[in-house]
Amino acid sequence: MSLAVLLSTMRVQMKQSFARPMFRFCLIANPILNTILLYEMFRGSGEENFMAYVVLGAGLMGLWGCICFSSAGDINRERYSGTLALIFATPVSFPVIILGKIIGNTVMSLLTLGISLVTAVVLYRVPLTLESPLYFLLALLAAVLAFVVISSVVACLLTLSRKTELYMNCIEVPVVLLCGFVFPVSVLPEAVRVFSYALSPTYAVELLRLSVWGVNDPAVFWQKLGILLGLTALYAILSALLYRKIDRRVRVTATLEVA
Amino acid sequence: MDSIIEVQELKREYVTRHGFWKREKRVVKAVDGISFAVRRGEIFGLLGQNGAGKTTTIKMLTTLLAPTGGTCKVLGWSTFGEEKRIRARINFIFGGEMGVYRRLSARDNLRYFSNLYLIPRKEQDVRIQKILGLVELAERADDLVETYSKGMIQRLQIARGLINDPEILFMDEPTVGLDPVGARMLRDIIRRLKEDGKTVLLTTHNLAEVEELCDRLVVINKGKLIASGTPAEIKADSETLEDAYVKLIEGVSA
């Protein structure tokens, strides 16, 4: 039954999200604009494979933007439309509903990677190579899992507060910078890198980039994948614990509704 | 007759903090020690001025809000801590245009809530069609809710509230903004629910509605219970229920 709830929530979420102009902008226009911006920035950088930073960077920025403004913003939209309380009070476990929403959004948001790729090919006809497609596929699956779980932690925390819009704006760009979406994390100061490597998307981005350049040493790939999956599992446990707490907390603090 | 809802010395406080540098804590007592019981199959009214604590009480009864003190039991289970035993067997309707997904059709809204109430797939289509007919939305069932009038959205809310065939239906000012035809339709639905043995707890400012529908009622003011009984008992020697209600409110405010 949980699977049926998960699937129907994904379907409803995709329909609802795509109906919103802002989501369509994040999903379609954002990756196009980001690709143009990043191409102009990387044109004279000496990097020859634009796939690694321009296409992946723009696609991931778009993906994260969609996740922030949808998975996180949805909590507030549901709160203001009066449906958050309704779905919360159904017999289905609330985390299953939130998970369905997040998976629906994340799957749909993967389109940003395709749009970035098409933009780069059509507008610039630049060399785009993917040296290790199988590793890339594996890295992409792990990245989706990581994004779903991190979104779940974020959505969970945002259920507690009514200042969701403020927080989701606050997390968008820092994650892009800290996790090295558009430049290697190695350029960041050492003290900042501590935060980068505590965030699972950092490893997801490194794995994707590694498979774009070509996995010459599989041991490095598997090691990074192991860390990514380990961190994701840790976030999942944290998320499960938070949901257990929050289920009671929102009813004590009365944050399920606006008034 | 057994009590299906039991409320004893129920309390709910809201804590707010004001100020930037010097945070000042304010405690508002929304519900302040009320007690009442509702019997199975009854239509029970919760009356009071705006801000009296009616909605807060309903939210505690529907497992959405934790009580600060007292007992709050529905179907014999505590609404905070044992809510999983209750949720599949109740539903609630809040008045106004909230509580529906506007970018979905009415049918999609009902199908989604059917899934959330774990109604078997085989039963869903039949039940949805029946409820859509009941609230007279069958013809527009596949149109997006954002194209609906206010009254149609409220009727969809009613349909959503009936989707799990609840034993108890909580209604918070369900006729607010409904046109006379829509309000009558709702009253007919409430009567039909009673005939089917369902229990309805409703809040409303429409005292004629209370007189017409409610078996018993309580009046609360500033979080405290000030009267309880049948409409006839509350009315006593006043000409109308409205006169009696105004006297009660003025009496405690004086």
Side-chain angles (χ1 to χ4, degrees), chain A residues 1-24 70 74 77-101 104 159 162 244-259, chain B residues 12-16 28 30 55-56 58-68 79-81 83-105 108-109 111-121 124 144-146 153 157 160-161 163-164 170:
Chain A
M1 239 5 181
S2 278
L3 185 67
V5 171
L6 203 70
L7 291 174
S8 68
T9 305
M10 279 172 66
R11 210 165 35 240
V12 164
Q13 186 60 33
M14 285 173 162
K15 269 189 187 178
Q16 290 226 104
S17 289
F18 202 75
R20 280 190 299 111
M22 186 61 190
F23 187 81
R24 288 200 299 272
S70 207
D74 275 331
R77 263 185 292 281
E78 297 262 4
R79 184 180 281 130
Y80 277 85
S81 67
T83 47
L84 187 64
L86 298 180
I87 58 174
F88 186 87
T90 62
V92 169
S93 159
F94 187 59
V96 173
I97 301 174
I98 296 296
L99 191 64
K101 284 175 168 296
T159 310
R162 292 180 192 153
R244 198 172 292 179
K245 283 255 180 231
I246 275 166
D247 181 58
R248 293 177 72 85
R249 191 80 198 134
V250 287
R251 288 182 288 153
V252 172
T253 53
T255 52
L256 278 171
E257 292 167 290
V258 186
Chain B
R12 171 69 207 197
E13 293 172 351
Y14 291 104
V15 179
T16 52
V28 178
T55 301
T56 300
I58 284 207
K59 282 180 183 168
M60 286 189 277
L61 288 166
T62 51
T63 79
L64 289 172
L65 204 57
T68 315
T79 57
F80 188 64
E83 61 280 349
K84 284 188 179 135
R85 307 253 185 193
I86 301 168
R87 286 176 173 167
R89 298 166 66 187
I90 65 165
N91 211 325
F92 53 95
I93 298 164
F94 292 143
E97 295 172 72
M98 309 266 279
V100 289
Y101 292 106
R102 287 167 174 265
R103 288 190 161 117
L104 298 180
S105 68
D108 280 347
N109 265 280
R111 186 163 289 137
Y112 182 50
F113 278 99
S114 300
N115 281 320
L116 296 186
Y117 277 95
L118 306 172
I119 295 160
R121 186 89 189 150
Q124 286 185 12
L144 292 183
V145 174
E146 63 188 4
I153 291 175
Q157 276 249 48
R160 188 203 46 74
I163 200 70
N164 60 327
F170 295 89

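Keep in mind that what you see is a predicted model, and the values were worked out from it rather than measured. Computed from heavy atoms alone, side chains included, the values below leave out hydrogens, waters and symmetry copies. Below, chain A is the first sequence line, B the second, and so on; all start at residue 1.
In this structure, the separation between CG on D247(A) and NZ on K84(B) is 6.5 Å, given to the nearest 0.5 Å. The CG atom of L116(B) sits 7.0 Å away from atom CD1 of I87(A), with the distance rounded to the nearest 0.5 Å. To the nearest 0.5 Å, the span separating CZ on F80(B) from CZ on R251(A) amounts to 5.0 Å. In this structure, the separation between OH on Y101(B) and OG1 on T83(A) is 4.0 Å, given to the nearest 0.5 Å. Put simply, CG on L86(A) and CG on N91(B) are 8.0 Å apart, with the number rounded to the nearest 0.5 Å.
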May I have the step-by-step check of side-chain contact (heavy atoms from CB on, under 4.5 Å) for Y112(B) and R11(A), ending in yes or no? CA-CA 9 Å; Y112(B) 182 50; R11(A) 210 165 35 240; over 6 Å; no
Between V5(A) and L118(B), is a side-chain contact (heavy atoms from CB on, under 4.5 Å) present by the stated rule, with each step listed? CA-CA 8 Å; V5(A) 171; L118(B) 306 172; 4.0 Å; yes
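The 12-atom threshold is not exceeded at CZ of R85(B), counting heavy atoms of other residues, nucleotides or ligands nearer than 6.0 Å.
Neither the backbone nor the side chain of R111(B) comes within contact range of chain A; no heavy atoms are under 4.5 Å apart. T63(B) touches chain A through backbone and side chain together, each having a heavy atom under 4.5 Å away. Heavy atoms of V100(B) lying under 4.5 Å from chain A belong exclusively to its backbone. Heavy-atom distances place the backbone of T79(B), and not its side chain, under 4.5 Å from chain A.
The shortest non-hydrogen separation linking G81(B) to R248(A) is CA-NH1, 4.4 Å. Here the closest non-hydrogen pair linking T62(B) and A89(A) is O-CB, 4.1 Å.
Note on V250(A), L7(A), V96(A), T9(A): by heavy-atom pairs under 4.5 Å with chain B, the leading option is T9(A).
Note on residues 87-102 of chain B: pairs passing salt bridge (charged side-chain N to carboxylate O under 4.0 Å, His left out), not counting sequence neighbours, are R89(B)-E167(B), E97(B)-R102(B).
Applying the side-chain contact (heavy atoms from CB on, under 4.5 Å) rule to R24(A) yields the partners F18(A), P21(A); only residues at least two apart in sequence or on another chain are considered.
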